[in-house]
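Below, chain A is the first sequence line, B the second, and so on; all start at residue 1.
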Number of protein chains: 2
Amino acid sequence: MILNHPGCPIGNTVSKLTRSEAKRQAIVDAARDIFIEKGYGESSMDDIANRANVSKRTVYNHFPGKDALFGSIIEGECDKAMESVAKRMAYCEEDIEGTLREFAARFLDIIYSPDGVKLFRTIVAEADRFPELGTVFFQAGVCPAQFHAQEYIAKMMDQGRLRKDDPEKAATLLFCLIKGDMHYKLLLCFQEEASPEELTALIDDALEMWMRAYAPAS
Amino acid sequence: MILNHPGCPIGNTVSKLTRSEAKRQAIVDAARDIFIEKGYGESSMDDIANRANVSKRTVYNHFPGKDALFGSIIEGECDKAMESVAKRMAYCEEDIEGTLREFAARFLDIIYSPDGVKLFRTIVAEADRFPELGTVFFQAGVCPAQFHAQEYIAKMMDQGRLRKDDPEKAATLLFCLIKGDMHYKLLLCFQEEASPEELTALIDDALEMWMRAYAPAS
DNA sequence: CAAAGTAAACTGCACCGTGTAGTTTACTTC
DNA sequence: GAAGTAAACTACACGGTGCAGTTTACTTTG
């Protein structure tokens, strides 16, 4: 399976699409919506073509097949959703809890968003058929975000402002806590969505406990 | 969708199946294997009939359709996998950490088992089409297991042997920790399986931190 | 500058082969 | 007689392909 850039070629500005580029973008947009909404198996190329207002023939002119289109789309979505997470996790040396709260909030913005939940569910659903997408998901976002936090935690530990421990372990446990129990519930449609208040409470509880456990030893 | 008991009618012993009951059980066994292995969409009734060594006509004699068969199977699997978790979580008043470790191990036995991961992935994948299965999963196992731990934690808090807090919150956070980060990795095929050593380490880390955070206030 | 030409992309259609859930039918087995 | 069998059937749906004709955006020519 070849993973190509799904949308417009690099270097083009939005305002100057050739006909071909515009069509390709329409296909990508339609495919993204339909794949995320219905998953791989229940999405049809006819539906995608119709929603993109192109002929199916044209879809095949741009993409060699359904597999390639799906892989391309999902990879693009992973990159898009997660690439900004680590970049938006701002440091503040003064306020450890505030910083970690910021990390948590940025991370949950993505994984608890309706689109994020659907993307995750889609990747899980197709994990057997497209196992590399799980890797993409982790390497695009989760690993960098967690590593970012780990580096920060290591620095705070070095300064004696957090209890000394393996920073990787501490970051892992922190992320377990901030993921919370609601994410599984959303995945399984046991709960419809998480309100901002619920997410704030989740972060509060997780952070309070984590800070308690990692307070500098007395 | 009618959720019926998929296997033999209640009251029968294994050694005395009628022909019809034996056939039904064969269908259930085959369907379970195939649905868990391939998910709903990629499983065919022809395959199920072949694997059960029955005619497809017979499958339809026992189950009204593919939907009903799937729902029935998955519900049965949830009950079977999870019903024993809470029951096998043994109490020990003397040793809090040992008790919680036992709870954790019993819980992880199920959700980290290859079959457990596959079951979970299947339910996630079909969450849109069969949203009630997520509810079954949570109500059959996760909620009782967590509630069991919560009751124990409440008792220990009352005795002043754990730091006073909302027992439900404490149990929730504990379960977030013991679920660990590996479960998502298994779901996404980012990791193939979790070794017993990895699970032990996971429990150790989680418990150590949780106990630290919930040590009685000095 | 307008007309003619060109190449690329697109369209719509028909088609192919395959797979599927569900149904029917005539027969066999217990 | 109830349950099961095997085979065939039905009615779709789907991914993918080839092709003639059309459209579009650009270039060339007079």
request  = For A:N61 and D:dT17, give me the distance from atom CG to atom C1', rounded to whole Å.
outcome  = 11 Å

request  = Find the distance A:E21:CD to C:dC10:C1' and express it as a whole number of Å.
outcome  = 15 Å

message = Just to be sure I understand the rule, does A:T58 reach a base, reach only the sugar-phosphate, or reach nothing, if contact means heavy atoms closer than 4.0 Å?
response = base

remark   = Here the pair of heavy atoms bringing A:S43 nearest to A:K66 is O-NZ, 2.6 Å

message = Is B:H62 close enough to D:dA3 that one of its side-chain N or O atoms is under 4.0 Å from OP1 or OP2 there?
response = no

ask   = Is the distance from OP1 or OP2 of C:dA9 to the nearest side-chain N or O of A:T18 less than 4.0 Å?
value = no

ask   = Is the shortest side-chain N to carboxylate O distance from A:R32 to A:D29 below 4.0 Å?
value = yes

query = Contact class for A:S44 vs. all strands (heavy atom < 4.0 Å): base, sugar-phosphate, or nothing?
reply = sugar-phosphate

task = Write down the distance between OH (B:Y60) and C1' (D:dC9), rounded to a whole number of angstrom.
result = 14 Å

Integer-rounded Å distance: C:dG22 P and B:I48 CD1 = 11 Å

query = Would you say the side-chain atoms of A:Y112 pair up with the backbone N or O of A:H183, donor to acceptor, closer than 3.5 Å?
reply = yes

Any N/O donor-acceptor pair, B:K66 side-chain to C:dG22 base, under 3.5 Å = no

query = Should the pair B:K80-B:E77 be classified as a salt bridge under the 4.0 Å nitrogen-to-oxygen rule?
reply = yes

task = Please evaluate the base of C:dG12 for a donor-acceptor partner in the side chain of A:K56 within a cut-off of under 3.5 Å?
result = no

ask   = Would you say B:E42's side chain and B:G39's backbone share a donor-acceptor pair under 3.5 angstrom?
value = no

ask   = Considering only side-chain heavy atoms of A:M45, which listed nucleotide, C:dC30, C:dC10, D:dG15, is closest?
value = D:dG15

key: Whole-Å distance separating the CG atom of A:D67 from the P atom of D:dG15   = 11 Å

message = Just the rounded figure in Å: distance from C1' of D:dG18 to CZ of A:R57.
response = 7 Å

request  = Look at all strands and tell whether A:N53 reaches a base, only sugar-phosphate, or nothing, counting heavy atoms closer than 4.0 Å.
outcome  = sugar-phosphate

key: Between D:dG16 (P) and A:D46 (CG): distance, integer Å   = 11 Å

Interatomic distance where CZ belongs to B:F35 and P belongs to C:dT20 [whole Å] = 12 Å

